[in-house]
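Protein chains get the first letters and strands the later ones, always in sequence-line order, with residue 1 at the start of each. The structure displayed is predicted, hence computed values, not measured ones.
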Amino acid sequence: MSLSVYNSLHRRKELFEPLEPNRVGMYVCGVTVYDYCHVGHARVMVVFDVIHRWLTELGFDVNYVRNFTDVDDKIIKRASERGIDIHQLTNEMIAAFQEDIGSLGCLPPSHEPRATAHMPDMVKMIGELVARKHAYVSSSGDVLYAVRSFDHYGQLSGKNIDDLESGSRVDVDDSKRDPLDFVLWKMAKPGEPAWDSPWGQGRPGWHIECSAMSCSHLGNTFDIHGGGMDLKFPHHENEIAQACASNDGSFARYWLHNGFVNINAEKMSKSLGNFFTIREVTKNYHPEVLRMFILGTHYRSPLDFSDSALDAAKAGLDRLYETLRRFKGETLDGRCEMSESLIPPAFTNAMNDDFNTTEALASLFDTNRALNKALNERADVSDLAAQFKAMLNLLAIGQHDAEAWFKGGDVDVARIEALIAERGESKKARDFARADAIRDALIAEGIVLEDSPSGTTWKKV
RNA sequence: GGCAGGGUGGCUCAGUGGUACGGCGGAGGACUGCAAAUCCUUUAUUCGCGAGUUCGAUUCUCGCCCCUGCCUCCA
């Protein structure tokens, strides 16, 4: 069974065939680093992390590039509000980003280029666009892209220039030949950070950096370009226009877009102000719960964020950890590593069908049940356990120590263990009143006891 | 207005031309001194509404209703 992916460019699922048989070049639009990441950002990172992992599992050598936009109007504004240099701000936010995304279990991409480190690439591409008459210097001195010069403008978003203009909310700007023309190089005002260019001191427009950085790392033509649905227009449309017009080649071949995170059926976004940062959420929930929550919905569907949804994700994850916990002392050595032969076909088929993590999870839970059953029956579980671990590793959940998962936090372990021992004695003496009193007291403080033939264990709820 | 994507049980979320996956929650049972955990059984005669195609549609076609998103920065 081979991999098929939904290509936004053609609005249909297509068989995935990379340019080179064993290699995949993938570019994902990262974040503008002026503030902490919210759950919407978390979704992109987790979604493409899973895609990255699955492509790797399929045997592809994946060159995964994800950028940082570290210069733009919002960054300049925020830095000036805080009275710091933009680099101080962006370094701080990049560090926070790495921490947040790392906590979600995302593997680092192959490259994480920063826009400010690619000025020559951008200047070169803009120069090419000017030379080919796809760009012009406006009366304000900014370099603009002439959308009418690119025949295929609108191919990704399925729009045509005239439709866009009829319903456009864009302010008409006299310096533009067409209202949809967008800036490639923005002239610096006094005091603003600036870089040299043939058109004067300034900074790049937002869209050019991704065209330049993706081409510079992956070549003019590469396999996958991804990002949030909201980037489809105008950002990705403009990227295509820039890249294709400057190198007369094609650009990314498969465009993958993930759906939004919603709150109360409304998109979570900075502009609406209805967002939760990753760090806010992980104050109350383990980051892996957030990952589980994201994996529970197919990446192209909207994802409704709420405490009850996180609670449900946590309950499901707890169930997996309960099983993991039963392996205490059992070795699975040499069988934990990913191996296609270990993965149930249902899981593989689900992942090969446009990365359907929801269905893959269903397969995982089936294995979970089979495993618990086998454990109950004291049967040999080595194969099931290896399958279970392989699937967990591919989704990057269940990655923590099961005991720590249930017992973590600020609890007095010694005291609890002492009480459990005391209850054990009471049970032996058939003083159930005393035993139950101890258990009830612990429940009152959020500690649940679980008896088993091999002894009593506990967990925090 | 243009374009795109949706409406599946109490909640959530997959999916298929032959009456529907998984998770959460609920109910019953096994296990247990009782629980918890686990396992078993069960929880939509039904997939927004209407019509059409078909032996048969939730799945295909058409119409309608409703929701969301993009068209400005946005993951």
Side-chain angles (χ1 to χ4, degrees), chain A residues 8 11 28-32 37-45 47-48 72-74 154 157-160 162-171 179-180 182 206 226-235 237 257-262 265-272 275 292-293 295-298 300-304 306 308-309 311-320 322-323 325-326 346 350 353 356-366 368-377 406 427 430-433 435-436 439-440 443 448-453 456-459 461:
Chain A
S8 300
R11 283 174 224 106
V28 173
C29 286
V31 292
T32 301
C37 288
H38 58 69
V39 178
H41 300 114
R43 189 178 194 191
V44 192
M45 304 312 154
V47 161
F48 284 96
D72 99 313
D73 292 357
K74 288 192 288 276
S157 49
K159 302 169 189 298
N160 68 61
D162 297 318
D163 283 348
L164 282 166
E165 285 175 6
S166 63
S168 178
R169 286 176 280 171
V170 185
D171 290 333
L180 290 170
F182 56 91
W206 176 36
M229 209 83 94
D230 46 356
L231 297 185
K232 213 162 153 185
F233 189 90
H235 184 56
E237 195 69 60
H257 292 101
N258 65 275
F260 299 127
V261 175
N262 294 155
E266 214 177 31
K267 177 188 170 188
M268 179 185 289
S269 76
K270 291 268 182 173
S271 20
L272 291 171
F275 61 90
M292 182 72 175
F293 162 69
L295 262 27
T297 300
H298 182 79
R300 284 190 282 112
S301 300
L303 177 58
D304 282 307
S306 67
S308 61
D311 289 339
K314 180 183 184 304
L317 197 50
D318 280 347
R319 212 155 105 70
L320 300 175
E322 289 281 4
T323 305
R325 184 186 212 188
R326 299 177 73 178
D353 183 13
N356 193 332
T357 52
T358 314
E359 241 185 69
L361 278 175
S363 164
L364 175 64
F365 277 104
D366 286 343
N368 182 253
R369 182 174 303 105
L371 190 46
N372 273 315
K373 195 175 175 182
L375 283 163
N376 288 349
E377 293 163 357
F406 290 115
K427 277 175 67 178
R430 302 197 67 78
D431 180 359
F432 297 120
D436 291 353
R439 187 174 63 196
D440 291 345
I443 286 172
V448 174
L449 301 189
E450 294 177 0
D451 292 338
S452 81
T456 299
T457 184
W458 58 276
K459 67 181 177 186
V461 289

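Closest non-hydrogen pair, Leu303(A) versus Thr297(A), comes out as CD1-OG1, 3.3 Å. Across all their heavy atoms, Val261(A) and Gly40(A) have their closest contact at CG2-CA, 3.8 Å.
Lys267(A) has its NZ atom 11 Å from the C1' atom of U68(B), to the nearest Å. Atom-to-atom, NZ of Lys232(A) to P of U72(B) comes out at 16 Å; the value is rounded to the nearest Å. Atom-to-atom, CG of Asp72(A) to C1' of U72(B) comes out at 14 Å; the value is rounded to the nearest Å. We find that CZ of Arg300(A) is positioned 10 Å from P of A14(B), with the value rounded to whole Å. Rounding to whole angstrom units, CD of residue Glu322(A) and C1' of C39(B) are separated by 14 Å. Between the C1' atom of C71(B) and the CG atom of Asp162(A) lies a distance of 14 Å, rounded to the nearest Å. Met229(A) has its CE atom 12 Å from the P atom of G69(B), to the nearest Å. Separating the CG atom of Asn262(A) from the P atom of C67(B) is a distance of 15 Å, rounded to the nearest angstrom.
The side chain of Asn372(A) lies closest to C39(B), out of C39(B), A75(B), U72(B). Taking only side-chain atoms of Phe233(A), from C-beta outward, the nucleotide of G2(B), C71(B), A37(B) with the closest atom is C71(B). Taking only side-chain atoms of Asn356(A), from C-beta outward, the nucleotide of U38(B), C73(B), A14(B) with the closest atom is A14(B). Among the nucleotides U72(B), A75(B), G69(B), the one closest to any side-chain atom of Pro234(A) is U72(B).
Partners of Glu450(A) according to the side-chain hydrogen bond (donor to acceptor under 3.5 Å, both in side chains) rule, which considers only residues two or more places apart in sequence or in another chain, are Arg325(A), Lys459(A). Scored by the ring-ring contact (aromatic ring centres under 6.0 Å, His included) test, Phe48(A) finds no partners at all (sequence neighbours excluded). Evaluation of the side-chain hydrogen bond (donor to acceptor under 3.5 Å, both in side chains) rule for Arg300(A) yields Asp354(A) as partners, not counting sequence neighbours. Residues satisfying the side-chain hydrogen bond (donor to acceptor under 3.5 Å, both in side chains) test with Asp72(A), not counting sequence neighbours, are none. A search for ring-ring contact (aromatic ring centres under 6.0 Å, His included) contacts involving His38(A) returns His41(A), Phe275(A), not counting sequence neighbours. For the side-chain contact (heavy atoms from CB on, under 4.5 Å) test, residues two or more places apart in sequence or in another chain that qualify with Ala374(A) are Ala379(A), Val381(A), Leu384(A). Among residues two or more places apart in sequence or in another chain, the side-chain contact (heavy atoms from CB on, under 4.5 Å) test is passed with Lys314(A) by Val289(A), Asp318(A). Listed by chain and number, the residues in a salt bridge (Lys or Arg N to Asp or Glu O under 4.0 Å) with Asp311(A) amount to none (sequence neighbours excluded).
Within 4.0 Å of Gly259(A), counting heavy atoms only, lies at least one base atom of the nucleic acid. Counting any heavy atom pair closer than 4.0 Å across all strands shown, His38(A) reaches a base atom. Residue contacts for Val261(A): at a heavy-atom cut-off of 4.0 Å it reaches a base atom on one of the strands shown. Glu266(A) comes within 4.0 angstrom of sugar-phosphate atoms only, judged by non-hydrogen atoms across all strands, and of no base. Using a 4.0 Å heavy-atom distance criterion, Thr297(A) is classed as a sugar-phosphate-only contact.
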Pick out the pairs of N or O atoms, protein on one side and nucleotides 32-35 of chain B on the other, that lie under 3.5 Å.
residue	atom	partner	partner atom	Å
G33(B)	N1	Asp436(A)	OD1	2.9
G33(B)	N2	Asp436(A)	OD1	3.4
G33(B)	N2	Asp436(A)	OD2	2.5
C34(B)	O2	Arg439(A)	NH1	3.4
C34(B)	O2	Arg439(A)	NH2	2.3
C34(B)	N3	Arg439(A)	NH1	2.7
C34(B)	N3	Arg439(A)	NH2	3.4
C34(B)	N4	Asp451(A)	OD2	3.3
A35(B)	N1	Asp451(A)	N	3.2
A35(B)	N1	Asp451(A)	OD2	3.3
A35(B)	N3	Arg439(A)	NH1	3.0

Identify all pairs in which a protein N or O lies below 3.5 Å from an N or O of nucleotides 21-25 of chain B, and state each distance.
residue	atom	partner	partner atom	Å
G23(B)	OP1	Arg319(A)	NH2	3.1
G23(B)	OP1	Arg369(A)	NH2	2.5
C24(B)	OP1	Arg319(A)	NE	3.3

Between protein and nucleic acid, restricted to nucleotides 28-30 of chain B and to nitrogen or oxygen atoms under 3.5 Å apart, what atom pairs and distances do you find?
none

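Distance noted for atom C1' between C73(B) and G48(B): 35 Å (whole Å). Taking the C1' atoms as reference points, A44(B) lies 15 Å from G26(B), given to the whole Å. Between G7(B) and A14(B), the distance separating the two C1' atoms is 15 Å to the nearest Å. Taking atom C1' in both G23(B) and U59(B), one finds a spacing of 23 Å when rounded to whole Å. Spacing of C1' atoms, A57(B) relative to U42(B), comes out at 28 Å, to the nearest Å.
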| message | Does Phe233(A) form a side chain to side chain contact (heavy atoms under 4.5 Å, CB included) with Leu164(A)? I'd like the steps, not just the answer. | response | CA-CA 11 Å; Phe233(A) 189 90; Leu164(A) 282 166; 3.6 Å; yes
| message | What verdict does the side-chain hydrogen bond (donor to acceptor under 3.5 Å, both in side chains) test give for Arg319(A) and Asn372(A), after you've listed the backbone C-alpha separation in whole Å, the side-chain angles of each residue and the deciding distance to 0.1 Å? | response | CA-CA 10 Å; Arg319(A) 212 155 105 70; Asn372(A) 273 315; over 6 Å; no
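Taken to the nearest 0.5 Å, the CD atom of Glu322(A) stands 11.0 Å off from the CG atom of Leu317(A). Between the OG1 atom in Thr456(A) and the CG atom in Leu449(A) there is a gap of 6.5 Å [rounded to 0.5 Å]. For the atom pair CZ (Arg43(A)) and CG (Leu295(A)), the distance works out to 10.0 Å, reported to the nearest 0.5 Å.
Checked by atom type and distance alone, the side chain of Glu359(A) never pairs as donor or acceptor with a backbone atom of Ala350(A) at under 3.5 Å.
Residue Asn258(A) places none of its side-chain N or O atoms closer than 4.0 Å to OP1 or OP2 of A75(B). Ser301(A) has a side-chain polar atom (N or O) that falls below the 4.0 Å cut-off from OP1 or OP2 of A14(B).
Place Asn160(A) and Arg43(A) on RNA chain B by their nearest nucleotides, and Asn160(A) ends up nearer the 5' end. Of the two residues contacting RNA chain B, namely Arg11(A) and Val31(A), the nearest-nucleotide position lying further toward the 5' end is that of Arg11(A).
In RNA chain B, the stems built from three or more successive Watson-Crick or G-U pairs (distances below 3.5 Å) are B:1-7 with B:65-71, B:10-12 with B:22-24, B:25-30 with B:38-43, B:48-52 with B:60-64.
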